[in-house]
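For this chain, numbers begin at 1 and follow the sequence in order.
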Amino acid sequence: MAAPSSSNWVMESAHDVPHVLAVDDNLIDRKLVEKLLRNSSCKVTTAENGPRALELLGLTSGGQNSMNGRSKVNLVITDYCMPGMTGYELLKKIKESSVMKEVPVVIMSSENIPTRINKCLEEGAQMFILKPLKQSDVKKLTCQLMN
């Protein structure tokens, strides 16, 4: 078996199911994202805020991944506007991490603010999607994950 490389977040075969961490403080938006991702054959774990997402990813001070043996995450999709920690702050924490920096992060927002979008993309976001999220957006994401 080959040694893991920084590209080990890419799907290893067509039979693998992408595992997505969806982060949104709004329950309805979180459920919508989860449903759209599941419709695109993704495995989904959800978090209601940035600190919980970091905990699930094992990026808190304790460093324990609380996914409880679930497969590694292939993509993080997060809302921008959340109390306590914005999607931008979550993005920065993920990109600063040596173990998670290769994982693509997608930011969602209902506000079309070019400076905000550019700031996220410059910090390493894979994509910035305007809400409401559509099935076509999710298809685009999963296509990128599979290739």
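- Rounded to the nearest 0.5 Å, atoms NZ (K140) and CD (Q135) are 12.5 Å apart.
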| said: For a side chain to side chain contact (heavy atoms under 4.5 Å, CB included) check, start with the C-alpha distance between I77 and V23, then their side-chain angles and the critical distance, and finish with the verdict. | reply: CA-CA 6 Å; I77 183 164; V23 189; over 6 Å; no
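- A distance-only check finds a donor-acceptor pair linking the side chain of N74 to the backbone of H19 [under 3.5 Å].
- The line from CD of E48 to CE of M82 is 10.0 Å long, rounded to the nearest 0.5 Å.
- Here OG of S110 is found 8.5 Å from CG of L130. Values are rounded to the nearest 0.5 Å.
- Residues I94 and K101 form no side-chain contact, since every pair of their non-hydrogen atoms from C-beta on lies 4.5 Å or further apart.
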| task | Step by step, work out the side chain to side chain contact (heavy atoms under 4.5 Å, CB included) result for L90 and L54. | result | CA-CA 8 Å; L90 176 60; L54 291 174; 3.6 Å; yes
| Chi angles and distances behind the side chain to side chain contact (heavy atoms under 4.5 Å, CB included) call for K43, V20 | CA-CA 6 Å; K43 179 177 173 181; V20 181; over 6 Å; no
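- The backbone N or O of L36 lies less than 3.5 Å from no partner atom in the side chain of K134, so there is not a single donor-acceptor pair.
- Contact detail for A47 and R30: the closest heavy-atom pair is O-CD, 3.4 Å.
- Taking 4.0 Å as the cut-off between side-chain N and carboxylate O, K131 and D24 count as a salt-bridged pair.
- The two residues A125 and L121 have their closest heavy-atom pair at O-CD2, 3.6 Å.
- Looking at E34 and L37, their side chains never come closer than 4.5 Å, going by heavy atoms from C-beta outward.
- L21 and V99 fall within a single hydrophobic cluster, where Ile, Leu, Val, Met, Phe, Trp and Tyr side chains are chained together by heavy-atom contacts under 4.5 Å.
- For the pair D29 (side chain) and N26 (backbone), a donor-acceptor distance under 3.5 Å is absent.
- Closest heavy-atom contact between P83 and D25: CD-OD2, 3.4 Å.
- When the shell of 6.0 Å around NZ of K93 is examined, it contains 12 or fewer heavy atoms from other residues, nucleotides or ligands.
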| said: Let's go through D137 and L141 carefully: what are the C-alpha distance in whole Å and the side-chain angles of both, what is the deciding distance for side chain to side chain contact (heavy atoms under 4.5 Å, CB included) to 0.1 Å, and is it a yes or a no? | reply: CA-CA 6 Å; D137 296 324; L141 284 177; 5.8 Å; no
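- By the side chain to side chain donor-acceptor pair (under 3.5 Å) test, T46 is found to be paired with no residue, residues two or more places apart in sequence or in another chain being considered.
- Heavy atoms only, all atoms of each residue included: T78 and G87 are closest at OG1-CA, 3.9 Å.
- The two residues P104 and K95 make their nearest non-hydrogen contact at CA-NZ, 4.4 Å.
- Put simply, CD1 on I107 and OH on Y88 are 9.5 Å apart, with the number rounded to the nearest 0.5 Å.
- Remark: of the listed residues L56, L57, T45, L57 is the sole one forming a side chain to side chain contact (heavy atoms under 4.5 Å, CB included) with V73.
- The CG atom of L91 lies 10.5 Å from the CZ atom of F128; values are rounded to the nearest 0.5 Å.
- In this structure a side-chain-to-backbone donor-acceptor pair under 3.5 Å is present from T142 to V138.
- We find that E96 and K92 are not joined by a salt bridge, their nearest charged nitrogen and carboxylate oxygen being 4.0 Å or further apart.
- Within a 6.0 Å sphere centred on CD1 of I28, other residues, nucleotides and ligands contribute 12 heavy atoms or fewer.
- Of all heavy-atom pairs spanning V33 and A22, the tightest one is CG1-CB, 3.8 Å.
- Tested against R116, the residues E123, E122, E111 include a single salt bridge (Lys or Arg N to Asp or Glu O under 4.0 Å) partner, E111.
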